[in-house]
Number of protein chains: 2
Amino acid sequence: MEKHIPVSISKQALQRMPYYLQALRAARDSGAEIISAPTVAAQLGLNEVQVRKDFASVSDTAGKPKTGFQTSELISAIERTLGYDNSNDAVLVGAGSLGRALLSYRGFEAYGLSIVTAFDVDPNLTGGEISGKQVLPMNKLESICRNMNIHIGIITVPASQAQSVCDALVGSGVLAIWNFAPVHLNTPDGILVQNENMAASLALLSKHLSERLGSKLND
Amino acid sequence: MEKHIPVSISKQALQRMPYYLQALRAARDSGAEIISAPTVAAQLGLNEVQVRKDFASVSDTAGKPKTGFQTSELISAIERTLGYDNSNDAVLVGAGSLGRALLSYRGFEAYGLSIVTAFDVDPNLTGGEISGKQVLPMNKLESICRNMNIHIGIITVPASQAQSVCDALVGSGVLAIWNFAPVHLNTPDGILVQNENMAASLALLSKHLSERLGSKLND
DNA sequence: TAGATTGTTAATCGATTAACAATC
DNA sequence: TAGATTGTTAATCGATTAACAATC
């Protein structure tokens, strides 16, 4: 009956954390040792109460009335919450155009993610390397994941194959899946699927444009 | 005072549309001329009332009790809503590792997005091509956007430059911004910013893992 | 007919925001 | 001190879900 995590953080709040982090680091780098919630809120276009609550949910040191919060303290509190300190290894399945893109993208290390290998069904790709990372055949998936203790799988295969790849990953001990295929994946309880569905983003962009431009064109 | 759009669709509902589309197309391709809301709901792990409401919000033909909805009718209703029929041109700013990745990604056309050119500050890149798309210097941004009537800008520059690039895009007549930089962008009213913040996604993955693995390791 | 499915109204749920006393 | 900022409780808001009558 030990509850070490005091406040559980909502999904939404968690997703705001990287924005706080970015703003706080910028503030620190320009010399602000102390920062107030209203300041951050204004910068990020958020409500100040929300910012205060979010800060309270990750940090155990309270803010000081009239002054604010200690910048460096908040930064490390958020980094601790997000686990950017301990690096997470991941495998990527699907070395197509998007897969290759992610393999060569150098931005993930900053967030503690490192893609260790890629897998693909195409025998023309397997055995080779992409951006210094090996591309292995699918039958090596389970042994690699088990041996290297990998718990994150990145899916960049076509929609039609995503579910079977997902099943294979789950069967190999993966606990969290970053899904770039525009499909819903069914998984057992306890497995997190984070969808990075570009189609969903484009849906919003496209709708906004048709609303802004549509009326003019139709008249 | 003409209201042609009857029901306004929530952001969340809009983001579910691509999933419906994928599921409906798959159903149609395997011969299902009629499909029911409970079927789709089960497949996508959603509530069936939600699915019915979502369908009702895009389609003007009602479903038939006991049978369901006409698959093809729903598909075209969603496509119409998302504007996948009319293609949207976009420019991309920042031909770094992520920018190049998106330029070479062939998956966007299916959603009606076509990236026509890229821009970058680096004189080593400008003048060249990436995946058959020209890379132009920043001072050409406004004229290109104006002449080609471009309303979508994709930002793949480092966080520190994202805001100024955003301002330049807005100043060039862009109405919707797809932002891959892990920063909040301030924009005037009427401009849509869709954030594709990988850091925010990683935050969720990372938290889930530390919850699943953390307790074991700490004991 | 019987029963699955539809559309809709009302209840629930969770997150955001407003109000306000406490404090440095 | 005066006033900006904090933390917290209560109100609001919006989306999801439950309940149910209508219908083929």
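All heavy atoms count here, side chains included; hydrogens, waters and symmetry mates do not. Small disclaimer: the values here were computed from a predicted structure and weren't measured.
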Do any side-chain atoms of residues 93-104 of chain A form donor-acceptor pairs under 3.5 angstrom with protein atoms, and if so which ones, sequence neighbours left out?
| residue | atom | partner | partner atom | Å |
| --- | --- | --- | --- | --- |
| A/Arg100 | NH1 | A/Ala95 | O | 3.0 |
| A/Ser104 | OG | A/Arg100 | O | 3.0 |
| A/Ser104 | OG | A/Ala101 | O | 3.1 |

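For B/Glu142, the side chain to side chain donor-acceptor pair (under 3.5 Å) partners two or more places apart in sequence, or in a different chain, are B/Arg146. A/His208 pairs by the side chain to side chain donor-acceptor pair (under 3.5 Å) definition with nothing, not counting sequence neighbours.
The separation between B/Lys11 atom NZ and C/dA15 atom P is 16 Å, rounded to whole Å. Between the CZ atom of A/Phe69 and the P atom of D/dA4 there is a distance of 17 Å, rounded to whole Å. One interatomic measurement links the two molecules: CD of B/Gln15 to P of D/dT16, which rounds to 11 Å at whole-angstrom precision. Taking atom CD of residue B/Gln50 and atom C1' of nucleotide C/dG7, one finds them 15 Å apart after rounding to whole Å. A straight line from CD of A/Glu48 to C1' of D/dG7 spans 12 Å, rounded to a whole angstrom. In this structure, the CG atom of A/Asp54 is 12 Å from the P atom of D/dG7, given to the nearest Å. Note: CD (B/Gln12) to P (C/dG14) measures 15 Å, nearest angstrom. In this structure, B/Leu74 places its CG atom 10 Å from P of C/dT6, rounding to the nearest Å.
Among the heavy atoms of the strands, none lies under 4.0 Å from B/Ala13.
Counted by atom type alone, A/Asp54 and A/Gln50 present zero donor-acceptor pairs between their side chains at under 3.5 Å. Side-chain contact annotation: A/Asn197 with B/Tyr19, donor-acceptor N/O pair under 3.5 Å present. With hydrogens and angles left out, the side-chain atoms of B/Thr71 and B/Glu33 include no donor and acceptor closer than 3.5 Å.
Both A/Pro38 and B/Leu46 sit near DNA chain D, but only A/Pro38 has its closest nucleotide nearer the 5' end.
From A/Lys207, atom NZ reaches atom CG of A/Leu205 across 13.0 Å, with rounding to the nearest 0.5 Å. Remark: B/Leu141 CG to B/Leu169 CG distance equals 5.5 Å, nearest 0.5 Å. The CG atom of B/Leu213 sits 5.5 Å away from atom CG of A/Leu175, with the distance rounded to the nearest 0.5 Å.
The pair B/Glu79-B/Arg25 meets the salt-bridge criterion, with a side-chain N (NZ, NE, NH1 or NH2) lying under 4.0 Å from an Asp/Glu carboxylate O.
Between A/Tyr20 and A/Phe55, the two ring planes are perpendicular [angle over 60°; tilted spans 30° to 60°].
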task = Any chance you could list the contact pattern along nucleotides 18-24 of chain D? Use B for base contacts, S for sugar-phosphate-only contacts and - for none, protein heavy atoms under 4.0 Å, 5' to 3'.
result = B----BB
ask   = So what does the secondary structure string of DNA chain D come out as, 5' to 3', with Watson-Crick or wobble pairs under 3.5 angstrom, [ ] for crossing and | for pairs with another strand?
value = ..||||||||||||||||||||||
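For the segment residues 193-205 of chain B, the set of residues with a heavy atom within less than 4.0 Å of an atom of DNA chain D is empty.
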